[in-house]
Enquirer: 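Before I ask anything, here is the structure I am working with.
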2 protein chains.
Amino acid sequence: MINPGSDRPVFRQLADLLRERIRAGQPLPSTLHISQEFGIGRNTVRKALDVLVGDGLIVVRNGYGPVVLEQAEGGEVETVRLYRGSEVTVRLPTEQDRYELGLPLTAVVPIVEVTVGGRSKIYRGDRVRLTSA
Amino acid sequence: MINPGSDRPVFRQLADLLRERIRAGQPLPSTLHISQEFGIGRNTVRKALDVLVGDGLIVVRNGYGPVVLEQAEGGEVETVRLYRGSEVTVRLPTEQDRYELGLPLTAVVPIVEVTVGGRSKIYRGDRVRLTSA
DNA sequence: ACTGATTTGTACGTATGTATC
DNA sequence: CGATACATACGTACAAATCAG
């Protein structure tokens with residue numbers, strides 16, 4: 001299963017294993033269950049989950065278990081049409097952006113903000129393509 | 001300085017303080033120094049640094065101290081009109097992007113690529129604003 | 001509305017490994 | 001080679017959010 005002496009860190013090995021489970025359609029148990037199943041500290045399990053959050057595969061909420069997201073929306077690139085008057089700005093994620101998009105602290109991902117008619121919407125820059133309609 | 005009983009987590013409070021120091025042009029000492037200065041555990045300091053890494057303010061390397069990156073501040077913002085058929089993608093800079101834009105190796109800046117009619121042009125994401133014409 | 005159990009969030013400490021100087 | 005500094009991983013504890021009854 002997991003080799004503690006491997007070159008690849010435990011939390012990455014675990015993330016790989018959990019990724020396979022998610023791909024197989026399985027839900028994720030609590031961090032405590034996972035830590036007991038693999039004999040790994042809960043902190044390490046949490047770090048593995050951080051990786052999956054960064055991949056857009058799951059989200060975690062306080063007091064609630066990990067939630068597996070739809071894989072179609074997970075890594076797919078969304079195409080957004082820009083109508084006349086749309087404005088686009090790009091930035092690195094603010095704390096608010098990370099909260100809204102479920103980005104981990106260490107993920108460096110461009111944020112795209114599209115504003116039209118005073119309303120704005122943000123996207124992960126690596127998962128959006130804009131076309132001027 | 002830092003209020004452990006605050007609603008705002010310690011690592012976020014610390015991240016805010018360190019962000020101000022970076023803005024003031026100060027370098028960051030080691031995690032051990034920071035933890036001793038503020039009386040905070042090193043793990044918590046490390047998490048605060050994670051916040052700054054995610055913001056693109058610093059980078060951390062194994063065996064080396066935190067490195068404050070150069071920030072794009074005060075640069076002029078260029079407005080680019082997107083005509084019909086334009087496509088926009090966003091990414092973090094490749095080596096080629098850095099060469100073309102003269103970006104320092106340490107600068108973490110989103111790159112905006114505008115493609116129209118097979119020709120593409122890249123911009124620094126923090127110095128460009130796109131408007132759909 | 002309240003209680004208790006579960007689960008995640010935060011924070012501490014400690015130890016060891018690895019990279020850099 | 002030794003000293004410094006970050007990376008990983010363990011354990012522990014308590015707070016906060018959620019949920020089931």
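All chains are named by letter (A, B, ...) in the order of the sequence lines, taking the proteins before the strands, and each is independently numbered beginning at 1.
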Enquirer: Over how many whole Å does the gap from B/Arg42 atom CZ to C/dA15 atom C1' extend?
Expert: 11 Å
Enquirer: Taking for each residue the nucleotide of DNA chain D with the nearest heavy atom, is it A/Val45 or A/Arg61 whose nucleotide lies nearer the 5' end?
Expert: A/Val45
Enquirer: How close or far is atom P of D/dA5 from atom CD1 of B/Ile58, stated in whole angstroms?
Expert: 15 Å
Enquirer: On DNA chain C, nearest-nucleotide positions of A/Tyr64 versus A/Asn43: which is more 5'?
Expert: A/Tyr64
Enquirer: For A/Thr44 and D/dT8, is the shortest distance between a side-chain N/O and OP1 or OP2 below 4.0 Å?
Expert: no
Enquirer: Between B/Arg129 and B/Thr79, is the side-chain hydrogen bond (donor to acceptor under 3.5 Å, both in side chains) condition met? List the steps.
Expert: CA-CA 5 Å; B/Arg129 188 187 53 176; B/Thr79 299; 2.9 Å; yes
Enquirer: Working note: B/Ser35 + B/Arg42, criterion side-chain hydrogen bond (donor to acceptor under 3.5 Å, both in side chains); need CA distance, chi angles, decisive distance, verdict.
Expert: CA-CA 5 Å; B/Ser35 76; B/Arg42 270 197 278 183; 5.1 Å; no
Enquirer: Ignoring hydrogens and geometry beyond distance, is a side-chain donor-acceptor pair present between B/Glu87 and A/Thr131 at under 3.5 Å?
Expert: no
Enquirer: Between B/Arg84 and A/Ser132, is there a side-chain donor-acceptor contact under 3.5 Å, judged purely by atom types and distance?
Expert: no
Enquirer: In terms of side-chain heavy atoms of A/Ser30, which of C/dT8, D/dA5, C/dC12 is nearest?
Expert: C/dT8
Enquirer: Rounded off to whole Å, could you give me the CZ-to-C1' distance for the A/Phe38 and D/dA9 pair?
Expert: 16 Å
Enquirer: If I take atom CZ in residue A/Phe11 and atom P in nucleotide C/dG17, what distance separates them, rounded to the nearest angstrom?
Expert: 18 Å
Enquirer: Taking all atoms of both residues into account, what is the closest heavy-atom pair of B/Asp55 and A/Pro93, and its distance?
Expert: OD1-O, 3.3 Å
Enquirer: Taking CG from B/Leu32 and P from D/dA3, how many angstroms apart are they, rounded to a whole number?
Expert: 16 Å
Enquirer: Atom CZ of B/Arg12 to atom P of D/dA16: distance rounded to whole Å?
Expert: 17 Å
Enquirer: Which is more 5' along DNA chain C, the nucleotide nearest B/Pro9 or the one nearest A/Pro66? Just name the residue.
Expert: A/Pro66
Enquirer: Between C/dT8 atom P and A/Arg46 atom CZ, what is the distance in whole Å?
Expert: 8 Å
Enquirer: Please determine whether a side-chain nitrogen or oxygen atom of A/Lys47 lies at a distance below 4.0 Å from atom OP1 or OP2 of D/dA9.
Expert: no
Enquirer: Send over the distance from A/Asn62 CG to D/dC14 C1', rounded to a whole Å.
Expert: 13 Å
Enquirer: Under 4.0 Å between a side-chain N/O of A/Thr31 and OP1 or OP2 of C/dT7, yes or no?
Expert: no
Enquirer: If you assign A/Gly63 and A/Val10 each to the DNA chain D nucleotide with the nearest heavy atom, which residue ends up on the more 5' nucleotide?
Expert: A/Val10
